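Following: one structure in structure tokens, then a few remarks.
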Amino acid sequence: MIEQAEVSLKDTFFAFEKTALINQQKVLQAFRDEKVALRHFAPTTGYGYGDEGREKLDALFARVFKAEAAVVGPQIVSGTHAIALALRAVCLLKPHMRLVSGSGKPYDTIEETIGIAGNSPFALSKQGVSYDQIELTQSGLAIEAISRAMEKADVLFLQRSRGYAWRKSLHLEEIEECITAVKKVNPRAIVCIDNCYGEFTQSIEPIEIGADVIAGSLIKNPGGGIAPSGGYISGKKPYINAAEDCLTCPGIGREVGSYAAVYTPFFQGIYMAPHVVCQALKGAALFAKVFELSGLKTMPGSNDNRDDIIQAVELGSREGLLTLCKSIQSCSPVDSFLQPEPWDMPGYQHQVVMAAGTFTQGSSIELSADGPVKEPYIAYIQGGLTYEHCKIAAMEVIKSLLEQKIICL
Ligand SMILES: *Cc1c(COP(=O)(O)O)cnc(C)c1O
């Protein structure tokens, strides 16, 4: 069955490999242009004044993403933190700004930052930012409705990846069309993109099609499975400067910040990222194909274009979801002997089950699977540092779904 799937995915795999080559070339060129040297990996302590590693990593990411500036590294604790910083940086530039999400409800963990969940006095809504949300349609972004809303709004937020939703990821062409339409009616509009899971899935990134700020996590695509933690924001200089003030404080910005371990894994991570993302994309397409051959509903389909590394599959039952997650966990290199259990994860509005037998805690560029424990019991599978691991996992998952009679062939 796996062999049959691989044969039918030949052209799809070839396209992923082509993208990886373009991205590897781009990343390598950025290293050369920035003259990255061994001394940039050295640790620092205390204030970290003149920390060359921190400065070089920021400059490298800016170059890779074709942005004016970037803030990258372990001082940003996660993707959520990066996105929250980006949103605060652009939404609090002046009083009473208006924020519009053009891709429907944002990722769960962003809700409390905006103020549509929770009750923090530091939510944007409590700081005088108004919020509106335009739902996605069957075909994607409702560009006309978004443009109309943006006539009177200041910031447009778009989430590129499907996240935990049964929806399509946004293709860059569609995002570009939307940005062009919005900037036509409101040239001062600031476009901010949640780029999580999207990095290196295509040969260009959102800044190149007109986005002003992008943000994401280093324990996903751009960390290449090697960065131990962290996030990044990159984009136009004034917004990055504002993000630096939000990250530390006004007057200090990015002048301070040390890291007592070596910076090597952050540099090596982005260097590896184009290849690792390609491995994950091939793994995702393989999972899609074997699920389709088993009669399950998948999103995206096995031969669809991919703008993120996530493969969603509808299991239809709690037992199916748990079986899949247990199977992914049991063939992981780390913690293979543990059984994932549903839990109330901070930042999420319902119970979530997660399989992550990863070297880095919660890293989802490593092969992992998770899903909210609610109907119709959809599992989201992502990552895979090597395609071979994905292939072995696909075999094991199908075997356990068969044994549990979740599927029959
Ligand atoms: C993972 C993710 C986030 C949050 O990142 P964390 O590192 O988990 O905080 C936000 N948006 C999307 C689309 C994501 O996939």
Side-chain angles (χ1 to χ4, degrees), residues 71-88 101-114 116-118 133 136 140-141 157-172 175 192-202 205-206 211 213-225 227-233 247 266 269 273 277 280-281 284 299-300 306-312 343-349 352-356 358 360-372 378-384:
V71 186
V72 191
Q75 287 96 4
I76 299 176
V77 301
S78 68
T80 302
H81 187 200
I83 295 159
L85 280 172
L87 280 175
R88 256 183 257 143
S101 168
S103 44
K105 193 180 79 60
Y107 194 78
D108 285 37
T109 61
I110 315 297
E111 289 182 38
E112 295 192 35
T113 287
I114 294 172
I116 47 179
Q133 170 177 311
L136 289 167
L141 293 171
F157 179 73
L158 297 174
Q159 178 184 312
R160 186 175 172 190
S161 161
R162 72 202 68 242
Y164 271 161
W166 188 264
R167 53 159 264 210
K168 291 193 181 114
S169 52
L170 299 178
H171 192 48
L172 289 179
I175 297 179
C192 177
I193 310 244
D194 172 352
N195 205 30
C196 279
Y197 286 136
E199 301 91 351
F200 304 121
T201 58
Q202 301 290 319
E205 297 292 334
V213 192
I214 61 174
S217 164
L218 295 188
I219 60 167
K220 294 182 181 173
N221 307 17
S229 67
Y232 75 90
I233 311 168
L247 175 63
F266 300 99
V277 169
L281 286 171
M299 173 81 94
R306 284 172 191 266
D307 294 271
D308 67 18
I309 60 166
I310 302 179
Q311 182 58 51
W343 68 304
D344 296 303
M345 194 173 171
Y348 292 88
Q349 309 303 320
V352 178
V353 60
M354 295 196 155
T358 55
T360 295
Q361 187 192 65
S363 165
S364 46
I365 185 62
E366 299 182 50
L367 183 60
S368 49
D370 31 61
I378 296 164
Y380 298 84
I381 301 174
Q382 64 272 313

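Predicted model, so just to flag it, every value in this text is computed and none were measured. For ligands, and for the atoms within them, numbers begin at 1 and follow the listed sequence. Below, all heavy atoms of this structure are taken into account, side chains as well, without hydrogens, waters or symmetry copies.
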Given 3.5 Å as the limit, does a donor-acceptor pair link the side chain of [X] with the main chain of [Y], or not?
| X | Y | answer |
| --- | --- | --- |
| D308 | R162 | yes |
| Q202 | R306 | yes |
| Q311 | P300 | yes |
| E205 | F200 | yes |

Check for me whether K220 meets the cation-pi criterion with Y380, that is, NZ or CZ under 6.0 Å from the six-membered ring centre and within 45 degrees of the ring axis.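 Relative to the ring axis of Y380, which defines the angle, K220 lies outside at least one limit.
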One pair to check against side-chain contact (heavy atoms from CB on, under 4.5 Å): R160 and L172. What are the steps and the verdict? CA-CA 8 Å; R160 186 175 172 190; L172 289 179; 3.8 Å; yes
Within ligand 1, which atoms have a heavy atom of [X] less than 4.0 Å away?
| X | result |
| --- | --- |
| S217 | 7 (O) |
| I83 | 10 (C), 11 (N) |
| S78 | 7 (O), 9 (O) |
| Q159 | 13 (C) |
| D194 | 10 (C), 11 (N), 12 (C), 13 (C) |
| Y197 | 15 (O) |

At a non-hydrogen distance cut-off of under 4.0 Å, which region of H81 contacts ligand 1 (side chain, backbone, both, or neither)?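 Neither part.
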For T80, which part has a heavy atom under 4.0 Å from ligand 1: side chain, backbone, both, or neither?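 Near ligand 1, T80 shows its backbone as well as its side chain.
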Polar proximity ligand 1 side, [X] side, N/O cut 3.5 Å exclusive:
| X | answer |
| --- | --- |
| K220 | yes |
| G79 | yes |
| Y107 | no |

Are T109 and T80 close enough that a side-chain donor and a side-chain acceptor fall under 3.5 Å?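 Per modelled atom types, T109 and T80 side chains form a pair under 3.5 Å.
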With side-chain hydrogen bond (donor to acceptor under 3.5 Å, both in side chains) as the test, pick out the partner of Y197 among S217, S161, S364, S169.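 Of the listed residues S217, S161, S364, S169, the side-chain hydrogen bond (donor to acceptor under 3.5 Å, both in side chains) partner of Y197 is S364.
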